[in-house]
Novice: 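Before anything else, here's the structure in question.
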Amino acid sequence: MLRDLSDSSLLKCKGFVDGKWINSARQERFAVRNPATSQRIAEVESLDAHDTRQAIAAAQKAMPAWQALPARERSAVLKRWFDLIMENQEDLALIMTAEQGKVLAESRGEIAYAASFIEWFAEEGKRVYGDIIPAPQTDRRALVLKQPVGVVAAITPWNFPTAMITRKAAPALAVGCAIVIKPAAETPLSALAIAELAQRAGLPAGLLNIVPTGHAKDVGDEMTQNPIVKKLSFTGSTPVGKMLMKQCADTVKRTSMELGGNAPVIVFDDANLEKAVAGAAGSKFRNSGQTCICANRILVQAGIYDAFVEKLVETVGDYRLGNGRDKESTHGPLINPKAVADVTALVEDAVAKGATIKIGGVHSTLGGCFFEPTVLTDVNQTMRLAREEIFGPVAPIFKFETEAEAIALANDTEFGLASYVYTRDIGRVWRVAEGIEYGMVGVNETAITSDVIPFGGVKESGQGREGSKYGLDDYLEMKYVCMGDLNAYDVAP
Ligand code: ADP
């Protein structure tokens, strides 16, 4: 499957700790499977709590020298890492498609997106400014220094196996931290490949450690209990995030949490229909619906509802499900059989409560992890898919009458990550953007992410922001320095 990599040494199956490729202390491995074929593509070392402790100790040892470097020198290493990732984009995309399933075009896109965080933070890391506060006494000065938070632990998901790592590792490394990362067990190969490139870029040993494991809880326990770790950055489901936050409380670690979403796409009667359908479909079906900012509920005003449904069904009818490596495929499989079962259960629940399947709605005849792209109407807030993150290619289209109703519906969830609104009315744009409780609002646009914007959620979707100039703050501590006794002394002749 991965025999056609131009650089086969990017395919790593061991842990990466203190600059070395290591076997697990337990001498255990876990299988990585291609979700398109269910074939085993690799056996990866399954590191445990003991190995994680070693990685954390290595990070602690490596950090002081790195932190002491001028930001420009850290930046130079990060830029080489960025260049190497882009030079190896095709191989990295092939690895990603093999273990994650997304179509190659999306994998290439993710590699460029992942690399962009490294380039961005290589630059931003030079701009960690402190502050001087006008002091309340004449013989004092009040200063604020910004310093790296300390050793960082990161736990990342399988839906963006590379970007969710660089979005954390790049700002951490740029400001002088060292980091230990546990990738998802479904997608460790993407993580290990970029670690190899970091080493080739000249990143000193111990600053970036990758702990692949089939024992997420053991590794997570070590990361959250070890007092050396000063910060945990997590991207994943809300229940696991809540549990990790509780675990971090014992040692009062700082946390950044990118958790689940329940994104509304609100389409008003005055919207540009073509663009609204294209935007909603793009957001809903990207990565086969497996992103935390995927449209979860499409809310369409009554006057445009029928036309919207017809056009969306037409758009979805043109999709071609298939192995992400095949050129004709527009959409790939779900990550594993459990994901197929979960999505099937959500559709069955909706249908039992009155939903109508306009297209799809079933496990694909391709079998395996493929689920047909689906559009549902006659849906309402009592259905599970209105409350839960669907994480699959199912688009429920809700009908609303008034702006107030749309805002209330959009806010009727504990989540608050991304949201989208389509309208040409400038007053409504402001009222809705200010009235909905989300960390991100796309107005007449659903492809809203990039390295330069602050990505993050409110309510139970998390805390902290990744990317942008604000993304550095999550890895910095503020230190106040009071300089006293500054008045002039008479100097004796
Ligand atoms: P998903 O449903 O998308 O897989 P999870 O929250 O389960 O979301 O997974 C996100 C990341 O959290 C993965 O790296 C996974 O291995 C990790 N994880 C899951 N359970 C735990 C746990 N108990 N402790 C630490 N990490 C965990």
Side-chain angles (χ1 to χ4, degrees), residues 15 24 28 30-33 35 44-49 51-53 55-56 99-102 152-169 179-192 209-226 229 231-251 253 255-262 286-294 296 333-343 345-346 369 388-392 415 417 457 460-462 466:
S24 74
E28 237 182 76
F30 63 98
V32 180
R33 291 183 188 279
V44 174
E45 291 291 325
S46 182
L47 273 53
D48 66 4
D51 303 305
T52 308
R53 215 169 302 135
I56 293 168
E99 66 178 350
Q100 204 281 335
K102 63 178 74 177
V152 175
I155 299 179
T156 56
W158 47 260
N159 61 342
F160 287 94
T162 307
M164 295 307 102
I165 288 179
T166 57
R167 201 151 82 166
K168 301 177 191 309
I179 188 164
V180 179
I181 299 162
K182 188 204 88 57
E186 293 83 352
T187 56
L189 303 176
S190 294
L192 296 168
N209 305 276
I210 310 279
V211 182
T213 185
H215 303 281
K217 180 164 176 2
D218 294 354
V219 170
D221 285 353
E222 180 62 32
M223 285 177 156
T224 49
Q225 283 161 19
N226 192 315
V229 174
K231 155 141 205 147
L232 175 77
S233 181
F234 173 73
T235 300
S237 63
T238 296
V240 174
K242 286 180 183 176
M243 196 189 66
L244 293 170
M245 279 177 88
K246 284 184 197 151
Q247 290 177 208
C248 283
D250 283 341
T251 45
K253 292 190 203 315
T255 57
S256 291
M257 294 280 151
E258 297 287 358
L259 309 176
N262 185 349
R286 183 166 300 117
N287 200 5
S288 293
Q290 304 171 109
T291 92
C292 49
I293 60 167
C294 274
N296 211 59
L334 297 182
I335 188 71
N336 55 31
K338 179 178 180 297
V340 177
D342 289 348
V343 172
L346 287 180
C369 301
E388 299 174 26
E389 196 171 29
I390 299 171
F391 240 64
F415 295 111
L417 192 56
E460 293 188 22
S461 285
E466 296 193 313

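Whatever order the structure lists them in is the order used to number ligands and atoms, beginning at 1.
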Novice: Return yes if some donor-acceptor pair links the side-chain N/O of S288 with the main-chain N/O of L334 below 3.5 Å, else return no.
Specialist: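 Between the backbone of L334 and the side chain of S288 there is no qualifying donor-acceptor contact (under 3.5 Å).
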Novice: Among all protein non-hydrogen atoms, which one is nearest to atom 17 (C) of ligand 1, and what is the separation to 0.1 Å?
Specialist: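 Ranking protein heavy atoms by distance from atom 17 (C) of ligand 1, first comes I155 CG2, 3.7 Å.
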Novice: Return yes if some donor-acceptor pair links the side-chain N/O of E222 with the main-chain N/O of R53 below 3.5 Å, else return no.
Specialist: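 No.
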Novice: Can you pull out the closest protein heavy atom to atom 21 (C) of ligand 1? Residue, atom name and distance to 0.1 Å, please.
Specialist: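 Protein heavy atom at minimum distance: V240 CG1, 3.7 Å.
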Novice: Can you check whether L244's main-chain N or O pairs, donor with acceptor, with T224's side chain at less than 3.5 Å?
Specialist: no
Novice: Could you tell me the separation between the CD atom of E186 and the CG atom of N336, rounded to the nearest 0.5 Å?
Specialist: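 If I round to the nearest 0.5 Å, the distance is 6.0 Å.
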Novice: Should you measure from each heavy atom of M243, which atoms of ligand 1 turn up under 4.0 Å away?
Specialist: 22 (C), 23 (N)
Novice: Output yes when a protein non-hydrogen atom is found under 4.0 Å of atom 5 (P) of ligand 1, and no otherwise.
Specialist: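 Under the 4.0 Å cut-off, atom 5 (P) of ligand 1 does have protein heavy-atom neighbours.
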Novice: Using a 4.0 Å cut-off to any heavy atom of G220, which atoms of ligand 1 qualify?
Specialist: 25 (C)
Novice: Among all the protein's non-hydrogen atoms, which is closest to atom 13 (C) of ligand 1, and how far away is it?
Specialist: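 Nearest neighbour among protein heavy atoms for atom 13 (C) of ligand 1, to 0.1 Å: T156 O, 3.4 Å.
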Novice: Do the side-chain N and O atoms of Q247 and D221 include a donor-acceptor pair separated by under 3.5 angstrom?
Specialist: yes
Novice: Under 3.5 Å, is there a donor-acceptor pair between the side chain of T255 and the main chain of L232?
Specialist: no
Novice: Which of the atoms in ligand 1, numbered in the order shown and given with their element, are less than 4.0 Å from a heavy-atom of A184?
Specialist: 14 (O)
Novice: Which heavy atom of the protein is the closest neighbour of atom 16 (O) of ligand 1, given with residue, atom name and distance?
Specialist: K182 NZ, 2.8 Å
Novice: Under 4.0 Å from ligand 1, counting heavy atoms only, is it the side chain of W158, its backbone, both or neither?
Specialist: side chain
Novice: Under 6.0 Å from the ring centre and within 45 degrees of the ring axis: does the NZ or CZ of K102 meet both conditions for the six-membered ring of F160?
Specialist: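 Yes, K102 sits over the ring of F160.
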Novice: Does any N or O in the side chain of N296 come within less than 3.5 Å of the main-chain N or O of E388, such that one atom is a donor and the other an acceptor?
Specialist: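 Looks like yes, one N/O pair under 3.5 Å.
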Novice: Are the charged groups of E460 and K242 less than 4.0 angstrom apart, N to O?
Specialist: yes
Novice: Going by heavy-atom distance to atom 18 (N) of ligand 1, choose the closest among P239, A339, A216.
Specialist: A216
Novice: Which atoms from ligand 1 have a heavy atom of K217 less than 4.0 Å away?
Specialist: 22 (C), 23 (N), 24 (N)
Novice: Yes or no: does M223 have any heavy atom under 4.0 Å from an atom of ligand 1?
Specialist: no
Novice: Of all the atoms in ligand 1, which lie at a distance below 4.0 Å from a heavy atom belonging to S237?
Specialist: 5 (P), 6 (O), 7 (O), 8 (O)
